[in-house]
Amino acid sequence: MMNKDLKFYKATKVDEAVKLLADNKLKLLAGGTDFMVDLRNEEDFLNGYDGILDLSHIDEIKKIIENDEHVEIGAMVTHRDIVDSDLIKEYYPALAQSAGAIGSTPIRNRATIGGNICNAAACADTLGPLIAFEGRAVLKSANGTRTMDVSEFVKWPYETGINEDEILVSFILPKPEEGAYSSFQKIGRRQALAITRISLAVKAVIESGVIKEINLVPGSATPVPTTFSKVEAEIKGKQLSEIDPKEIGEKAAEEMIGITGERWSTPYKKPALATLFRRAIKNLQEEVANNG
Amino acid sequence: MAKVKVEFKVNNREVQVEVDPTERLLDTLRERLNLTGVKEGCAVGECGACTVLFDGEAINSCLIPTVQAEGKEVLTIEGLGTEDELDPLQQSFIDYQAVQCGFCTPGMILSAKALLNKNSSPTREDIKGAIDGNLCRCTGYEQIIQAVQNAADGEVEA
Ligand SMILES: Cc1cc2nc3c(=O)[nH]c(=O)nc-3n(C[C@H](O)[C@H](O)[C@H](O)COP(=O)(O)OP(=O)(O)OC[C@H]3O[C@@H](n4cnc5c(N)ncnc54)[C@H](O)[C@@H]3O)c2cc1C
Ligand code: FES
Ligand code: FES
């Protein structure tokens, strides 16, 4: 049953929002695209809350800001804003591509990056790129500010490291190094069966044809997206042109099974993941060759 | 839940409603404001039948609580064209037989409207992208794409 005394709050400043959160137990509302679906599907969605706090009028967290060393993306930035941002497209192509692959035009117009990460589905599309770019999440409460690596932020599907009195205000991404490349690919749509979705975010730094840094983060392959460190170690320091994409694909599939074990979805995911890794390495080889 | 007073504009008219904070914009438009051109299909953001323009952008009214409409301008299919003269998009949908059962049509036209407001000569790909959140079970989309092209610049690829 819905609590009759639940109250609706909206804030126009982060300070105001965290004060409200200090005194009340409130369910946060951003673009509402997960919130409204959950509200419909889960009878106990608002159980235990004093009310709802709407963040959609807080302009200070709708901005993308470039500093000397990093870029700060506000939590209320929509996927549409990300797709439209020349800065994001230039510095973080994989993030722009992942935002562009989300839902549909009306969903992207409304859904936010903060909501995508706080909802923390295993298939949250911007999560892989944020981890690959070594992003940090900035959390605020009435007691102050703390930051956390995005890779540490999501604990388990639908579980994050945020406290009940905190708001996620932004993500901080280091600026790309010289020779940085990135890409995002996704197979399948949400609407279809859940197993038909899998994605891969790649960030690499290439110097004179040698892989100096590489982060490979598949989405939906593991309960929480994580860097595939064994495959990364395999590739790092090697001449890009000498890497066999097919072999990397097979190793990635093995690494996934090492993390998840054999599951009912493994027969589908294994070849799908191998294909994504193979394609990603091939594309990287072609892109670097073309940029010569 | 405690009711909330919300003021916004619908089809250029100021409205004020008192709603539960979880009431969907879809229900406010259909049930309180009698704008039944807004359709409910899936109720979970997948079909686009409930599409309206929210400050000029296409959104799913089944996923927006009305409380978030405060101060916004909402456009529904009823706000397009007049009794005597249809909007060029509406006329074009008729001319190109882009309407069969008609259930998807209001949402489809509004998604196309959002596109044409920003881009007066869209490519086929632009049009497909703009209606990627609107499902149609009847037409196969081709007539719809042609209708939008026709309304935009009159050049229709067969
Ligand atoms: C039809 C459809 C298709 C979709 N397709 C995709 C897809 O392809 N890929 C994908 O990744 N997702 C998809 N989604 C899921 C959803 O759109 C995204 O997860 C979206 O980014 C959520 O953002 P929001 O602003 O709508 O969040 P909301 O629904 O408002 O909030 C989501 C959750 O995060 C919490 N929250 C929001 N903002 C903050 C904050 N700043 N601080 C703390 N907590 C916060 C809320 O309390 C809530 O629990 C789809 C959804 C629908 C309905
Ligand atoms: S009813 Fe809103 S998208 Fe289907
Ligand atoms: S005309 Fe019937 S769904 Fe489009």
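We use all heavy atoms of the structure for the numbers below, so side chains are in, but hydrogens, waters and symmetry mates are not. Predicted model only: the values in this text are computed from it and were never measured. Throughout, protein chains are lettered first and strands after them, A, B, ... in sequence-line order, and every chain is numbered starting at 1.
Annotation: B/Glu85, atom CD; neighbour count of heavy atoms from other residues, nucleotides and ligands within 6.0 Å does not exceed 12. When the shell of 6.0 Å around CZ of B/Arg32 is examined, it contains more than 12 heavy atoms from other residues, nucleotides or ligands. Within a 6.0 Å sphere centred on NZ of A/Lys89, heavy atoms belonging to other residues, nucleotides or ligands number more than 12. More than 12 heavy atoms of other residues, nucleotides or ligands shown are found within 6.0 angstrom of NZ on B/Lys118. Heavy atoms of other residues, nucleotides or ligands lying less than 6.0 angstrom from CD of B/Gln100 number more than 12. Atom NZ of A/Lys25 has more than 12 neighbouring heavy atoms from other residues, nucleotides or ligands inside a 6.0 Å radius. At most 12 non-hydrogen atoms from other residues, nucleotides or ligands lie less than 6.0 angstrom from NZ of A/Lys7. Atom CD of A/Glu16 has more than 12 heavy atoms from other residues, nucleotides or ligands within 6.0 Å.
From B/Glu70, atom CD reaches atom NZ of A/Lys10 across 4.0 Å, with rounding to the nearest 0.5 Å. Note that the CG atom of B/Leu25 and the CE atom of A/Met36 stand 9.0 Å from one another [nearest 0.5 Å]. Here the CD1-CG distance, from B/Ile64 to A/Leu29, works out to 9.5 Å after rounding to the nearest 0.5 Å. For the atom pair CG (A/Leu6) and OG1 (B/Thr22), the distance works out to 9.0 Å, reported to the nearest 0.5 Å. Separation of atoms CD1 (A/Ile107) and CG (B/Leu63) is listed at 5.0 Å; rounding is to 0.5 Å.
When all heavy atoms of A/Gly31 and B/Gln68 are compared, the closest pair comes out as O-OE1, 4.2 Å. Scanning all heavy atoms of the two residues, the minimum distance from B/Ala58 to A/Asn109 falls at O-ND2, 2.7 Å. The shortest non-hydrogen separation linking A/Ser104 to B/Gly133 is CB-CA, 3.4 Å.
Highest contact tally toward chain A, considering only B/Gly129, B/Gly48, B/Pro65, is held by B/Pro65 [criterion: heavy-atom pairs under 4.5 Å].
The only option from A/Arg110, A/Arg108, A/Arg80 that meets the salt bridge (charged side-chain N to carboxylate O under 4.0 Å, His left out) definition with B/Glu57 turns out to be A/Arg80.
In this structure, the portions of B/Ala43 lying under 4.5 Å from any heavy atom of chain A include both its backbone and its side chain.
Listed for the B/Asp132 side chain is a donor-acceptor partner under 3.5 Å among the backbone atoms of A/Thr105.
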